[in-house]
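First the structure, in the form of structure tokens, and then the observations on it.
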Amino acid sequence: MSQTSNTETRAFDTEVHQLLKLMINALYSNREIFLRELISNASDASDKLRFEALTKEALKGLDQDLGIDVHFDAEKHQLRVVDRGIGMSRDEVIENLGTIARSGTRRFLDSLSGDQKKDARLIGQFGVGFYAAFIVASEVQVETRRADLPPGEGVRWISSGEGEYRIESIDRPEQGTVVTLSLREEHRDLLDRWVLERIIRHYSNHVAFPIRLLDESRPGDSEGDGSSLVNDSQAIWARSKAELEDEDYKSFYRSLGMDASDPVSWAHHHVEGTQSYSLLLYLPGQAPFDLLTNRDEREGLKLCIQRVFIMDAAEQLLPRYLRFMRGVVDSADLPLNVSRELLQDSPLLKKIRATVVKRSLDLIEKLAEAGGEPWERFWSAFGSVLKEGVIEDHEQRERIARLLRFASTRSDGEHSVGLDDYIERMGKDQDTIWYLTADSLRVARSSPHLEAFRARDIEVLLLTDRIDEWLVAHLDEYQGKTLKSVARGKLELGEEADAPDASATALAGRIKQVLGDRVGNVIPGRRLTESPACIVSDEHGMSLQMQKLLRQAGQEVPETKPELEINPTHAVVELMAAEQDEERFGELAQLLFDQALLAEGGELSDPAAYVRRVNALLVSALAPTPTEGDKDASASAGA
Ligand SMILES: Nc1ncnc2c1ncn2[C@@H]1O[C@H](COP(=O)(O)OP(=O)(O)OP(=O)(O)O)[C@@H](O)[C@H]1O
């Protein structure tokens with residue numbers, strides 16, 4: 001760091017440098033988003049000023065002329081985004097523009113792959129914000145002053161995005177921020193009224209402050225007149241539905257800045273009565289990259305009070321299983337200076353939240369009823385998240401359960417069967433919805449547990465999502481039918497069970513003796529038709545799959561011993577019963593158990609021992625059997 005008077009040259013945080021390099025390369029073809037990001041920052045800064053002015057005496061009256069001006073000068077190759085918002089102090093400039101303080105950016109960096117296209121998509125979704133300026137600019141200058149500091153405490157920040165930036169104090173009578181971009185030669189075609197107007201309308205049409213476009217190379221234009229206004233800064237959610245076209249809704253969605261693609265559908269309601277509020281909710285078209293991990297996301301749903309943006313309030317207004325929803329809630333009844341703490345206990349907010357949940361589920365149900373590609377795309381992107389609702393929201397459990405989709409033994413699709421479809425196809429006497437949980441669809445489809453069901457033509461749902469184990473732990477019944485795992489407890493398929501014959505029971509006892517502590521019990525059973533044995537979980541205990549998931553999540557799981565069910569009619573089991581050599585019998589019993597574990601997608605405690613046993617079997621199977629000639633020869637040699 002070098003310093004003269006109040007001027008410092010500082011190095012970027014290494015991560016910023018990494019991010020800048022990546023962005024310039026990856027976003028080359030998507031360069032227009034830089035303007036969306038700068039306008040969105042200017043809009044946020046104006047929102048912040050308006051919000052702080054509600055309570056801070058020093059800021060009163062400073063929020064009268066809020067708006068965003070985009071100046072361009074084709075001769076000087078410059079573009080400026082000017083706001084009269086909250087501005088930044090020197091420390092804030094260093095914190096916000098020189099380091100990555102926000103963990104969101106950290107997650108973004110962690111999720112990058114070498115695949116440029118994918119990265120570009122990710123950056124588009126994430127909105128890396130300010131740094132997007134370097135996609136088109138060879139130098140970026142920021143001049144700013146925090147609205148509650150004196151004019152002498154202005155700050156200038158300059159960087160060419162190559163590892164360093166310069167920061168100095170300046171006099172700045174105006175509050176707010178000017179970001180000036182010197183455009184690289186290949187991006188100077190952007191300095192055109194029509195091009196800029198198109199970009200602003202596309203991404204930022206519904207930003208809640210007026211955006212003016214001013215051509216500085218044309219004398220007189222910098223004053224601005226009515227014709228320089230580009231966007232429609234009205235709060236779309238407050239307007240009547242009859243006035244709005246689909247395109248208005250879509251362009252407002254884009255201006256929310258989280259997803260560049262179109263929403264799947266939306267719902268717009270004005271609720272009048274003892275409490276009045278408006279809701280505009282969107283079902284998004286694609287999942288953000290961190291949807292599954294980012295469970296505390298606050299963005300997504302904005303809370304406005306009488307059209308003034310107050311805060312991102314997804315946490316307060318949406319249950320986590322609906323965290324993919326986007327939109328705005330505008331209340332006419334909450335006080336403007338409401339705090340997060342106050343919101344937590346507000347009965348009005350509880351009511352709004354219940355409506356948000358109901359309307360969101362309405363939207364999803366409608367999409368499910370229409371079916372087809374849009375529903376499938378929705379389910380692939382958000383199905384796993386929606387499933388959390390079955391676990392977390394008792395009140396909506398049945399409604400969400402109706403929306404669930406799974407793979408099944410009677411369909412090729414990965415998630416095409418709903419519980420209602422299953423019930424409709426159930427046999428007359430069947431009162432159980434059967435399912436199997438597994439790591440993958442491939443493991444599920446080849447599981448020995450399905451044999452008895454295939455033989456009796458009973459459909460089984462195949463659950464392969466990580467969350468499915470928790471899901472079924474919370475959903476033991478649907479429409480009066482019990483949900484049951486095919487791999488648990490005693491299997492009763494509505495037929496009279498024959499008592500197992502004595503020889504099968506004796507064989508099971510012999511195997512248990514060999515396996516000892518490795519198994520809870522060994523039982524002759526009726527699950528299998530093609531395989532010799534399979535693993536069965538205790539009726540009330542934890543399934544093997546659940547134990548595995550919990551261990552992967554770093555949790556201590558008490559060791560529970562699985563049961564081994566053998567198929568007394570299988571050739572291997574019959575041959576084992578006849579085996580007199582106890583040592584050989586022991587090896588076969590161990591093999592039988594390991595095989596059953598493997599078929600389950602389980603892990604062997606001693607894989608090397610398993611391989612050794614298989615090899616020993618192979619040797620005995622492949623060793624040449626003595627021919628008649630060999631026998632004759634040995635007979636005559638002995639003679
Ligand atoms: N015009 C501005 N006025 C005031 N502060 C600003 C302005 N532009 C940027 N900032 C500050 O710099 C921070 C970083 O901006 P950046 O655009 O990189 O990320 P962000 O807006 O916080 O989030 P996102 O990644 O969603 O865009 C902002 O949070 C804000 O505090």
Side-chain angles (χ1 to χ4, degrees), residues 12-13 15-17 19-20 22-23 27 33-52 59 62-63 66-71 79-109 111 122-135 137 140-149 153-157 159 161 165 167 172 174-181 203-204 207 209 211 254-260 288-290 294 297-300 302 309 311-312 314 326:
F12 277 124
D13 207 69
E15 288 180 332
V16 176
H17 189 47
L19 188 60
L20 286 177
L22 182 123
M23 182 147 37
L27 276 184
I33 64 153
F34 86 92
L35 193 54
R36 174 187 79 190
E37 298 296 329
L38 295 182
I39 289 178
S40 142
N41 282 348
S43 165
D44 289 349
S46 309
D47 271 332
K48 265 187 216 158
L49 174 61
R50 192 145 75 175
F51 186 60
E52 288 193 22
L59 297 176
L62 293 179
D63 58 342
L66 295 176
I68 300 159
D69 295 341
V70 178
H71 299 247
L79 185 131
R80 287 194 285 148
V81 179
V82 182
D83 69 64
R84 292 174 284 285
I86 192 74
M88 285 177 274
S89 66
R90 190 181 179 108
D91 286 349
E92 284 171 331
V93 169
I94 294 171
E95 171 77 8
N96 292 331
L97 309 184
T99 59
I100 293 188
R102 297 169 60 250
S103 61
T105 311
R106 173 71 270 156
R107 273 203 307 274
F108 165 72
L109 273 173
S111 67
L122 284 180
I123 293 174
Q125 279 178 34
F126 186 79
V128 271
F130 172 77
Y131 302 116
F134 287 103
I135 305 168
V140 178
Q141 174 181 298
V142 178
E143 291 184 333
T144 185
R145 174 173 65 82
R146 209 177 196 288
D148 50 5
L149 291 175
E153 296 209 26
V155 186
R156 181 181 293 132
W157 178 102
S159 177
Y165 62 91
I167 187 163
R172 185 170 153 74
E174 308 83 9
Q175 77 208 30
T177 305
V178 184
V179 181
T180 306
L181 276 56
Y203 288 113
S204 314
V207 164
F209 299 93
I211 303 173
R254 280 196 297 267
S255 74
L256 291 174
M258 292 170 184
D259 180 5
F289 71 96
D290 57 353
N294 186 12
E297 192 178 16
R298 281 191 183 171
E299 295 175 7
K302 298 189 180 302
F309 169 77
M311 64 180 82
D312 287 310
R326 303 280 175 249

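Remember, it's 1-based here, ligands and their atoms both numbered in the order they're listed. Note that the coordinates shown come from a computational prediction; the quantities given were computed from them, not determined experimentally.
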Where the side chain of [X] meets the backbone of [Y], is there a donor-acceptor pair that is under 3.5 Å apart?
X    : Y   : result
D63  : L49 : no
T144 : M88 : yes
S43  : I39 : no
Q175 : L62 : yes

Ligand 1 to D83 polar contact by distance, N or O atoms, under 3.5 Å: yes
Nitrogen or oxygen of D44 less than 3.5 angstrom from that of ligand 1: no
Proximal candidate to atom 14 (C) of ligand 1 [heavy atom criterion; set N96, I39, I86]: N96
Option set V142, L49, L38, T177, criterion heavy-atom distance to atom 2 (C) of ligand 1, minimum: T177
Close side-chain approach of I167 and L97, heavy atoms under 4.5 Å: no
Atoms of ligand 1 close to E37 [distance to a heavy atom under 4.0 angstrom, numbered from 1]: 27 (O)
